[in-house]
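Indexing begins at 1, ligand by ligand and atom by atom, following the structure's order.
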Amino acid sequence: MTAITRFAPSPTGYLHLGHAASALFSAKQAGPHGRFLLRIEDIDQTRCRPEYREAIYEDLAWLGLEWETPVRVQSAHFDDFQVVLDMLSDMGLLYPCFCTRKDIQAEVARIGNAPHGPDGALYPGTCRACSAQERSDRIAAGESYALRFDMEGAIKRVGSELVWFDRAAGKQIATPEIFGDVVLARKDTPTSYHLSVTHDDHLQGISLLTRGQDLFFASHLHRLLQEILGYDVPEYHHHGLLTGPDGKRFAKRDQSKTLRSMREEGMSADDVRALADQF
Ligand code: GLU
């Protein structure tokens, strides 16, 4: 069995045991003759830090992992994401959204019983109704805006059912509509997780996409983007999430569980690998 797999952490903190498990799982799934890639997902320049990126390299090497270089660092490729956004825009599938978080909350509260998706309440569509004139006036006036995906238009454009396959959960019929008009370019950064991850997994030829179950639903949306953009469809394997003794998921903010703290406490890479080898 060979595959091209990847581990794609965001350098917003030090890696913990859950990351180690995920990275080891991905490397294992590549098989002895496959390829294992590391990608740094640092589009959020306010939360990501170069020292955490360096720490990722250090911690993964300490664990005994090897990956291909050069590593793709997403913040060096905003131009690539812009090209994709332009394509979607040319298809008429993006619209500017000037709403603040507060505006959206107020509108959702006003509607009452608003539909919710994996990331919370769906966007109520306020800016979808803006006229072309209003859009260009507000942009010309310097109002900041995000770019939202016209979900209904995108599904219509595809016109048929989309399917993807998860090695743990089996065949899935894509239901991207659960995300509503999701943001594909944020106000504060000219792309989004969903856009850049879908683009880069395609660009890097990932054939088996492994990641935690917390991102399972995201794959429904990524499948639609792949279809619209003419990308290959990888196979998926969403793995379980490692929990601590309290039954809670490992989180980056829980510094006591970082790989470096375990290392400093005298644990060996073998010890950590044994703890992390759970999927
Ligand atoms: N960068 C994402 C994270 O650190 C993971 C992306 C993915 O595996 O699709 O949560």
Considering the heavy atoms of Val197, write down every atom of ligand 1 situated less than 4.0 Å from one of them. 9 (O)

Does the side chain of Gln74 pick up a donor-acceptor pair with the side chain of Asp200 at under 3.5 Å? yes

Looking at ligand 1, does any of its N/O atoms fall within less than 3.5 Å of an N/O of Thr210? no

Ligand 1 to Glu41, heavy atom cutoff 4.0 Å, flagged ligand atoms 1 (N), 2 (C), 5 (C), 6 (C)

Aromatic ring pairing Tyr231/His202, orientation class (parallel under 30°, perpendicular over 60°, tilted between): parallel

Arg263/Glu58 ion pair, N-O < 4.0 Å: yes

Which atoms of ligand 1 have any heavy atom of Pro9 under 4.0 Å away? 4 (O)

Give me the ring orientation class for His238 and Tyr236: parallel if the planes are under 30° apart, tilted from 30 to 60°, perpendicular past 60°. parallel

Phe7 to ligand 1, any heavy atom closer than 4.0 Å: no

Arg6 heavy atoms, cut-off 4.0 Å: which ligand 1 atoms fall inside? 7 (C), 8 (O), 9 (O)

Minimum side-chain heavy-atom gap Ser10-Asp42 below 4.5 Å: no

For Leu209 and ligand 1, does the shortest N/O to N/O distance drop below 3.5 Å? no

List the steps, then state whether ring pair (Phe, Tyr, Trp, His ring centres under 6.0 Å) holds for Trp164 with Phe216. CA-CA 11 Å; Trp164 55 279; Phe216 185 88; 5.1 Å; yes

